[in-house]
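Hydrogens, waters and symmetry mates are skipped; everything else that's a heavy atom, side chains included, is used.
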Amino acid sequence: MRRGLDRTAGRAMSAVAAGAVLALVLGGCGSGGSGGAEGEGGGGGKAGGTAPTMRLPSLKGEKLQVTAVWTGAERDNFGKVLEEFEKRTGATVNFVPSGDDMAGFVGSKIAGGGAPDVAMLQQVGVLHEFARKGWIKPLGAGAKAQLARNYSKGWRDLGADRGTPYGVYFKASNKSLVWYNAQAFDNAGVKEPKTWQEFLKAAQTLSESGVEPVSVGGSDGWTLTDWFENVYLSQAGPEKYDQLAQHKIKWTDPTVKQALTTLGQLFGRKDLLAGGNSGALQTDFPTSVTQTFSGGDTPKAAMVSSADFAAANIAQTKAKVGTDAKVFPFPAVGDRSPVVTGGDVAVALKDSTASQALLAFLASTDAAKIWAQAGGFISPNKGLDQAAYGDEVLREIAKALVAAGDDFRFDMSDQAPASFGGKPGQGEWKDLQDFLKNPKDIAGTQARLEKDATASFKH
């Protein structure tokens with residue numbers, strides 16, 4: 001996924017924020033509160049206060065096309081945000097799914113003369129590429145005002161290219177979490193592991209109890225990049241992480257070998273993977289989550305490493321977040337648990353009043369509150385009343401994200417060129433799928449990663 005061309009897009013998550021994640025409250029669902037909305041002249045929607053609804057222009061008769069990768073519950077929840085925008089402005093919004101290859105989808109639409117009005121990009125590298133091709137438009141005054149009010153400088157910088165603001169990070173994620181089936185853990189007498197060795201030991205105990213331990217959505221290559229990044233950040237440290245993200249060190253570096261060797265301790269044990277290696281390669285992301293929380297006393301897996309947005313998939317099962325489905329931080333491979341963040345950034349492909357109004361709305365607390373109440377979502381919007389989150393687990397994750405301020409590390413593959421870090425069947429996605437298929441081939445995996453990275457970064 002994608003690339004910081006002029007700067008390091010990711011930063012280390014602060015100890016305070018990491019500590020907040022480590023101290024997640026894993027109780028049952030809390031009551032959803034009302035987050036303060038925000039007007040053009042008002043302050044942020046802080047807890048205990050009220051603010052006027054954000055003002056938007058009348059767009060009656062205007063039509064907007066919006067594209068994103070979201071499907072299922074995520075698409076439905078984003079639809080609620082778009083419906084509110086339609087209600088307030090009179091515009092008609094049509095959602096078009098892009099598929100995983102957002103760069104390819106948008107490129108083909110532009111070539112055909114039918115580009116969407118707004119795109120939700122998952123890759124900061126794609127934002128840079130689009131900006132330099134002239135495919136996206138700078139933010140208007142309304143969106144920039146909302147960003148200045150509601151976002152830390154770090155998130156504003158991530159949405160900019162060479163100092164020009166283009167994007168609004170509407171949805172963020174903590175990608176350093178492991179969700180687990182509480183009943184499976186209880187039955188096996190397993191406690192939440194804090195280190196990588198404890199994690200492997202817990203997986204072995206779960207296997208011996210009759211439950212396949214770890215669910216991996218290997219048919220979606222991006223899930224494997226998350227596995228690698230968490231191991232690498234914790235083991236090699238933030239400085240090396242930044243260097244590898246920008247291809248300032250090679251994928252043949254000893255730190256990469258060490259991380260792949262560590263990851264191979266899991267991927268090389270087919271008895272620890274739900275369905276074994278071949279099963280993992282045939283499992284998509286949504287299934288990797290739902291199979292962990294379906295089947296009652298006999299789930300197909302006990303745990304799955306996934307970002308906070310897995311809560312939306314868990315909601316499709318009978319499991320209740322905080323009771324049946326619990327979460328712990330990705331285990332520490334080095335001195336501390338890693339915290340890798342990701343996000344979806346809204347950009348305008350057409351410079352119209354309607355496009356700019358939607359971007360301004362997405363930067364407001366009003367829009368963030370809608371999806372926060374629906375679930376499966378966290379926002380980097382610091383003005384959002386945290387009571388808007390419907391359960392304590394997501395509320396604590398969101399608090400940690402906001403508390404980090406400008407001090408966080410962004411998904412490494414999201415910083416790379418799309419041809420390396422953001423396309424199915426090629427680059428890092430394919431290379432790590434090949435590694436999952438044959439975890440013993442560490443040197444070959446490194447060589448392929450370096451070859452693909454070199455080809456992508458030189459363009």
**Report entry** Donor-acceptor pair, side chain of Thr255 and main chain of Ala236, under 3.5 angstrom
**Finding:** no
Sequence neighbours excluded and cut-off under 3.5 Å, please list the side-chain donor-acceptor pairs for residues 302-317, or say none.
{"from": "Ser305", "atom 1": "OG", "to": "Leu177", "atom 2": "O", "distance (Å)": "3.4"}
{"from": "Asp308", "atom 1": "OD2", "to": "Asn174", "atom 2": "N", "distance (Å)": "2.5"}
{"from": "Gln316", "atom 1": "NE2", "to": "Ala312", "atom 2": "O", "distance (Å)": "3.4"}
{"from": "Thr317", "atom 1": "OG1", "to": "Ile314", "atom 2": "O", "distance (Å)": "2.7"}
{"from": "Thr317", "atom 1": "OG1", "to": "Ala319", "atom 2": "N", "distance (Å)": "3.1"}

Report task. Could you list the residues that satisfy side chain to side chain contact (heavy atoms under 4.5 Å, CB included) with Ala91, not counting sequence neighbours? Result -> Leu59, Glu62, Phe85, Thr89
Query - Residue pairs involving residues 201-213 (criterion salt bridge (charged side-chain N to carboxylate O under 4.0 Å, His left out); sequence neighbours excluded) - result: none
Query raised in the report: Mind checking what makes ring pair (Phe, Tyr, Trp, His ring centres under 6.0 Å) contact with Phe330, not counting sequence neighbours?
Result: Trp227
Query raised in the report: Any chance the rings of Phe170 and Phe361 have centres within less than 6.0 Å?
Result: no
Query raised in the report: Does a side-chain heavy-atom distance below 4.5 Å link Phe185 with Leu206?
Result: yes
Query raised in the report: Considering residues at least two apart in sequence or located in another chain, which fulfil the side chain to side chain contact (heavy atoms under 4.5 Å, CB included) criterion with Ala103?
Result: Asp101, Val126, Phe130, Ala418, Lys423
Query raised in the report: Between Trp70 and Phe95, does the ring centre distance come in under 6.0 Å?
Result: no
Query raised in the report: Is there side-chain contact between Val168 and Leu147, with at least one heavy-atom pair below 4.5 Å?
Result: yes
Query raised in the report: Under a 4.0 Å N-O cut-off, is there an ion pair linking Arg88 with Glu84?
Result: yes
Requested in this report: Would you please name every residue forming a side chain to side chain contact (heavy atoms under 4.5 Å, CB included) with Val402, sequence neighbours left out?
Outcome: Lys382, Gln386
